Every structure is written in structure tokens, then in C-alpha cells.
Amino acid sequence: MEKSAVIETGTTKEYVHSVAFPLSDEGKAALEKFSKSQLKLVQLKVDTTKETLELATAKAEVTVGSLGSEISASEPRFTFFFYPHSFNDETFNSACMILTLSLSFILLKIPQCSSILALMKHQ
């Protein structure tokens, strides 16, 4: 069974209306290595001052058990991770993308969320 992954980089696509953050050269290089299975974990962080996606972490070895400690609890991250697993006696190494946002980051960066959260507490 042939498996493949496609990784697109650049700013030609908008994932949030009118927002397009270019990917740093270090981030592109890490994702390229990830696409060749040379890295098991790549994390990108948002640099809001430069409006870019920057490389936060790149590791050749990481386990599912240690994944939680790799992800920031205070800053948003795009995490790309190879998840080794088996199903029906077949072994897989699936590429996963995990987007994490902390509640504190959302409340600091999006003021409207603070008022929504306050309203929810009074329901």
C-alpha cells in the first residue's frame, strides 16, 4: 500500500478570512524533513508581531506518551506529529496535525471572548 503526504507552504491560501501568515524558512525546512519522515514532531508558533509562522520545535524522536508535555499550555501551536499505531494487524505511521489554543491566549488576543465567557458564567 503506497502512502503519501502533501505539504503546501506559502501565503496563497487564506485559512481565516483576510489573514495569511507566511511560513518562515526554518519552518519550511522542518516540514520538508517531516514529509520525508526524518522528523517525528514539528511545531509552528504564531509570531503576532511579525505576522509569521515560526518554527518552535523539531524533533526526530518523540513518543505518544510524551506528546502532551511537548505542546505549550500558554501559546498557540500547530503541531505535526507522526502517530505510530496498528489496526487489523497492519502497522501505520499516520501524520496528524493538532491545533492548540489556550484559553488565556484567546482571552488576551480576542477581547470579545472575555465578555462572552463572563456571560456564560452567569447562565
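Computed from a prediction, not measured in an experiment: that's the story for all the values here. We use all heavy atoms of the structure for the numbers below, so side chains are in, but hydrogens, waters and symmetry mates are not.
Minimum interatomic distance between Leu55 and Leu44 (heavy atoms only, all atoms of both residues): CA-CD2, 4.1 Å. In terms of heavy atoms, Pro84 sits closest to Val64 at CD-CG2, 4.4 Å.
To the nearest 0.5 Å, atom CD of residue Gln38 and atom CZ of residue Phe82 are 10.5 Å apart. Note that NZ of Lys33 and NZ of Lys28 are 16.0 Å apart. Values are rounded to the nearest 0.5 Å. In this structure, the separation between OG on Ser66 and CD1 on Ile71 is 10.0 Å, given to the nearest 0.5 Å. To the nearest 0.5 Å, atoms OG1 (Thr100) and CD (Gln43) are separated by 7.0 Å.
Linking ILVMFWY residues whenever their side-chain heavy atoms come closer than 4.5 Å, directly or via other members, places Leu39 and Phe80 in the same cluster. By the rule that hydrophobic residues join a cluster once side-chain heavy atoms approach within less than 4.5 Å of another member, Met97 and Leu53 end up as members of one cluster.
Residue pairs that meet the salt bridge (charged side-chain N to carboxylate O under 4.0 Å, His left out) test with at least one member in residues 49-59, sequence neighbours left out, are Lys50-Glu54, Lys59-Glu70. Applying the salt bridge (charged side-chain N to carboxylate O under 4.0 Å, His left out) rule to pairs touching residues 35-49 yields Glu32-Lys36, sequence neighbours excluded.
Taking the ring centroids of Phe92 and Tyr83, they lie at or beyond the 6.0 Å cut-off.
Results of the side chain to side chain contact (heavy atoms under 4.5 Å, CB included) test with Phe78 over Ile98, Val42, Val46 single out Val46 as the only residue that passes.
For Phe81, the ring-ring contact (aromatic ring centres under 6.0 Å, His included) test picks out no residue, with sequence neighbours left out. Taking the side-chain hydrogen bond (donor to acceptor under 3.5 Å, both in side chains) definition, one finds that Ser69 meets it with nothing, sequence neighbours left out.
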